[in-house]
Amino acid sequence: MKYDFSAIEKKWQDRWEQMGTFKATEDYSKPKFYALVEFPYPSGAGMHVGHIKAYSGLEVISRKRRMQGYNVLFPIGFDAYGLPTENYAIKTGIHPRQVTDMNIEKFTSQLKRVGFSFDWDRVVDTTEEGYYKWTQWIFRKMFDEGLVFRATTLVNYCPSCKVVLSNEDSQGGKCDICHSDIVQKSKDVWYLRITEYADKLLQGLEKVDYLPDVKLQQENWIGRSEGAFANFKLSIGGSVSDDHLRIYTTRPDTMFGVTFMVIAPEHPVIEKYRDKITNIDALDAYKEECAKKTEFERTQLVKDKTGVCIEGLRAVNPANGKEIPIYISDYVMMGYGTGAIMAVPAHDDRDYDFAKKFGIDIIEVIKGGNIEEAAYTGDGEMVNSEFLNGIATKKEAIAKMLEFLGEKGVGEKGIQYKMKDWAFNRQRYWGEPIPIVHCEKCGMVGVPYEELPLKLPTMENFAPGEGGESPLAKIDSYVNCKCPKCGGDAKRETDTMPQWAGSSWYFLRYCDPHNTEEFASEEALKYWLPVDWYNGGMEHVTRHLIYSRFWHRFLYDIGKVPVEEPYAKRTAQGLILGPDGVKMSKSRGNVVDPNKVVDEYGADVLRVYILFMGDYASAAPWSESSVKGCKRFLDRVAGLTEMAKGEGATPALESSFHKTIKKVTRDIEEMKFNTAIAAMMSLINEIYEVGTLTKDELGIFARLLCPYAPHLCEEIWEELGNKEICTLSAWPEYDEAKTIDASVEIAMQVCGKFKGTITVPADSSKDDVIAAAKASEKVASAIEGKTVVKEIFVPNKLVNIVVK
RNA sequence: GCGGGCGUGGCGGAAUUGGCAGACGCGCCAGACUUAGAAUCUGGUGGUUUCACCGUGGGGGUUCAAGUCCCUUCGCCCGCACCA
């Protein structure tokens, strides 16, 4: 067969489209398989080889599942709201709507060229009215349930993009979109109360099959810690008051070792007792200095503690009644715990550094370390701690201290999370309008459900305002409206939702994408959920994956989805690096264009190569010559059509075929695509060596390879005279008995040293094999004149004769 | 600093989990075909002082047997980062 890949690929892509081969059916009696890949952001640059890798894994698995008789849902869509499109639109003057449509068209044709088996009837576009209606609807439900609130706080702000960012969007102190430094700014912000779901998100992880790294990163991001709150009374101007400073600690057991307190520079207690503090100027100066520091500067100076002692204000340790100084320092954050800590220099590294620098007492309360040199954070016997003295375990000491604090009414057990509430509004144009109205009389009022979608108005000048206000604020007819509650004059919210909104529930819409009454029917959700297998990038683990689990769990709690967790299984693909071994980037000029590869070698080669290049989960550099190797492989596969004759099995190949079916079947499930392809390469080498195979065997080969190189395999399958297409044919079965060879090669060792191999019948007994080994020349000479101490036998593997 | 991962030929990577290290592919070498090249095919390809010995970052250990387990050390990558 002549392997004219462009003609073959076009032919089969057209045929699949005509036949609707990849449409998930509504036949709910069939077993289902819902495979999900992260839908792309349709950027102007078009598809990247990274996209292909991200989709190829579940592409192969989905194709195999179809052949195994499943009703497969393998959908695709476009996460199209967001800044890159908007910035491009501002630069070029083309409206974001138009930019988005162009990019979606480009992506669609590129994806189709690769032959992905997506169900194109279920495409979602997050910027479509029929879609974002439901994004707004879910937001409104959250608003109704009290999960949406507005607050003026210090937030992450990107001066370059002119938007407020969530914690997730500003990891490492850099803007997720433009990578410039984030500044802290006091702003009016809409929040989603994701912290209320912290425990549920944590517990949900126990029920799902996620890559261990994914699970761990989410756990760390949520950052649950158990500890205690305690109140330290304030001593103002020398006399103890009724007011107190509240702290959070994970080590209440060390409370007798507290020698000072530290509060964040922005802590409100400073304002409250401004006139009682005698060195307020010094405090103000310090606070100002801190505000100027960038995130980067702060992290660079981790070890070098700074701070100022507050004069005129002291605190009383509730454990022993001792008066201690209070410092302000930027190593305590206002955003975590209570913004105030009790400092135990003997048993905390940071407090230790601070105490050393400021010459504060260090009192050991746990034995085991040397506090002259460093803080001791381990376990040990309690000392200098009154009623805790002699206790040997941290757990016990904590319990006792909590009991004491409880009895005195000055403290109790507490739980804290690192995760913060989700800053949810963006002062930008290309996003879902937030469906809220501000009424002077009624406050914040949700736009009525029947008025959704609240449409994003079309406007010409959608650049963000210099003062950081949303572009929508410029449209008076949009802003001015009537209060849905009292009918009086009101103003519409002009901010939009962040990019992550639309992607937080898209997997639900795929189940029933054309529904106009609900985001998806109960029936469809019940059948398709949960997503059986979700594959995506590691970069989304503490962003999209957390957000979408939160939205889904909320919908579960209000009875709108039937399962607690949306994704039963989550895996991640590794990056494709440039040929130079470095991450691909435009500036480095090492980006590989998948279209060129398809032009030159064909989609099947691209697909096979991307899965063959290495472990699916690891990063691997692109290699043009290895692509050629895959082309050679497919050429050889095409060549089999000339060779195939007759029916049944070729005796010399039969066991190899069964072994290969077994290996490929199993490897696909573990995403070990590279070894599955290697096994098929080995088989083809063997076939060429033998020089013949039957048509039945070629059919098996075509079906095994079909998930990887579907176009070529369809062509071969058709040439073999099959009526049904290969994609919908049955996955080959293997016979375990036929995977076992009649004879096996056994390694012979003497004292663990390899001495050669012997061939014996499979499942030979220990005695037989050892006798045969001893009879071999190599072994015989090695053990001659020595005493056999031990004989080790691993069935069908090896013998090891230990001599003295 | 804390958490996780990794280190195997010239390169990408295998190794059914403690049992013949280097599957498969690339590259390279030789040969065939060709005026020549490309493509293709055949054979070879860890190293060395080749009847053998040495080899999975280094050192040590457990074991009949270690890439795999334990200790130690070096190097790289990723995540979080003063989280109380």
Side-chain angles (χ1 to χ4, degrees), chain A residues 171-173 212-214 216-217 219-221 223-225 227-228 247-251 254 261-262 264 295 298-299 301-305 329-333 335-344 348-351 353-354 416-420 538-539 541-542 574-575 577 581 608-609 612-615 617-630 632-633 635-636 639 662-663 666-667 672 674-685 688-689 745-757 778 789-803:
Chain A
Q171 296 183 29
D213 207 34
V214 171
L216 196 79
Q217 273 192 39
E219 279 166 7
N220 290 345
W221 188 256
R224 183 182 202 270
S225 87
I247 60 100
Y248 174 72
T249 179
T250 53
R251 297 297 303 272
T254 62
M261 292 185 81
V262 186
E295 196 85 11
R298 277 182 67 164
T299 52
L301 300 168
V302 165
K303 277 278 150 190
D304 194 21
K305 296 281 181 292
S329 173
D330 63 358
Y331 85 87
V332 174
M333 314 286 146
Y336 183 80
T338 61
I341 62 156
M342 61 174 219
V344 187
D348 181 281
D349 293 325
R350 294 148 303 171
D351 298 346
D353 292 341
F354 194 88
Q416 284 292 301
Y417 302 94
K418 280 196 221 176
M419 188 167 69
K420 309 253 171 71
M538 283 306 292
E539 70 275 15
V541 168
T542 52
L575 286 179
L577 306 173
V608 169
Y609 171 64
F612 180 64
M613 62 195 296
D615 175 32
S618 310
W622 185 269
S623 156
E624 175 88 21
S625 52
S626 290
V627 176
K628 286 183 189 158
C630 292
R632 221 167 289 171
F633 168 56
D635 283 339
R636 277 158 74 82
K662 183 179 177 179
K663 179 147 183 70
R666 203 178 52 195
D667 281 359
K672 290 165 87 172
N674 54 336
T675 51
I677 294 168
M680 290 186 277
M681 286 174 168
S682 289
L683 179 59
I684 207 165
N685 290 344
Y688 271 89
E689 237 166 76
E745 220 178 46
I746 289 203
M748 300 182 295
Q749 295 180 347
V750 175
C751 293
K753 289 273 178 205
F754 178 66
K755 293 291 169 195
T757 59
K778 283 263 183 82
V789 185
K790 204 171 181 181
E791 288 169 338
I792 285 129
F793 172 70
V794 182
N796 297 329
K797 277 263 163 60
L798 64 60
V799 287
N800 186 9
I801 299 168
V802 186
V803 291

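We name chains A, B, ... by the order of the sequence lines, and we start the count at 1 in each one.
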Residues which pass ring-ring contact (aromatic ring centres under 6.0 Å, His included) with A:W221, listed by chain and number, not counting sequence neighbours: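 ring-ring contact (aromatic ring centres under 6.0 Å, His included) list for A:W221, sorted by chain: empty.
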Set of residues satisfying ring-ring contact (aromatic ring centres under 6.0 Å, His included) with respect to A:Y417, sequence neighbours excluded: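 Counting only residues at least two positions away or on another chain, A:Y417 forms no ring-ring contact (aromatic ring centres under 6.0 Å, His included).
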In this structure, how many angstroms lie between the [atom2] atom of [N] and the [atom1] atom of [X], rounded?
X: A:N796; N: B:C20; atom1: CG; atom2: P; answer: 13 Å
X: A:I792; N: B:C64; atom1: CD1; atom2: P; answer: 7 Å
X: A:N220; N: B:C80; atom1: CG; atom2: C1'; answer: 7 Å

Using a heavy-atom cut-off of 4.0 Å across all strands, would you classify [X] as base, sugar-phosphate, or nothing?
X: A:T249; value: sugar-phosphate
X: A:G629; value: sugar-phosphate
X: A:E791; value: nothing
X: A:L798; value: base
X: A:N800; value: base
X: A:E745; value: base

Nearest-nucleotide comparison on RNA chain B, the residue closer to the 5′ end among A:K418 and A:Q749: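 Looking at the nearest nucleotide for each, A:Q749 comes out on the 5' side.
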Toward the 5' end of RNA chain B, by each residue's nearest nucleotide, A:G752 or A:N685: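 It is A:N685, whose closest nucleotide lies nearer the 5' terminus.
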Side-chain donor/acceptor contact of A:K305 with base of B:C82 under 3.5 Å: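 Such a pair is found, so the answer is yes.
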Those residues that, when tested against A:Y688, pass side-chain contact (heavy atoms from CB on, under 4.5 Å) (two or more places apart):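 Once residues adjacent in sequence are excluded, the partners of A:Y688 under the side-chain contact (heavy atoms from CB on, under 4.5 Å) criterion are A:R636, A:L640, A:M643, A:I684.
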Pairing residues for A:K662 by the side-chain contact (heavy atoms from CB on, under 4.5 Å) criterion, not counting sequence neighbours: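 Only A:R666, A:Y734, A:E736, A:T739 meet the side-chain contact (heavy atoms from CB on, under 4.5 Å) criterion with A:K662.
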Between [options], which one does the side chain of [X] approach most closely?
X: A:M333; options: B:A81, B:A84, B:C64; result: B:A84
X: A:V794; options: B:C20, B:C80, B:G19; result: B:G19
X: A:M681; options: B:C82, B:C64, B:G25; result: B:G25
X: A:S625; options: B:C26, B:C24, B:C82; result: B:C26
X: A:D213; options: B:C24, B:C64, B:G4; result: B:G4

Atom pairs under 3.5 Å, N or O on each side, protein against nucleotides 41-44 of chain B: can you list them with distances?
unit_1: B:C41; atom_1: OP1; unit_2: A:R636; atom_2: NH1; d: 3.2

C1'-based separation of B:C70 from B:C29 [nearest Å]: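 That atom pair is separated by 44 Å.
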Atom pairs under 3.5 Å, N or O on each side, protein against nucleotides 6-17 of chain B: can you list them with distances?
unit_1: B:G12; atom_1: O2'; unit_2: A:M613; atom_2: O; d: 2.6
unit_1: B:G13; atom_1: OP1; unit_2: A:A619; atom_2: O; d: 3.2
unit_1: B:A14; atom_1: OP1; unit_2: A:N674; atom_2: ND2; d: 3.3
unit_1: B:A15; atom_1: OP1; unit_2: A:K672; atom_2: NZ; d: 3.1

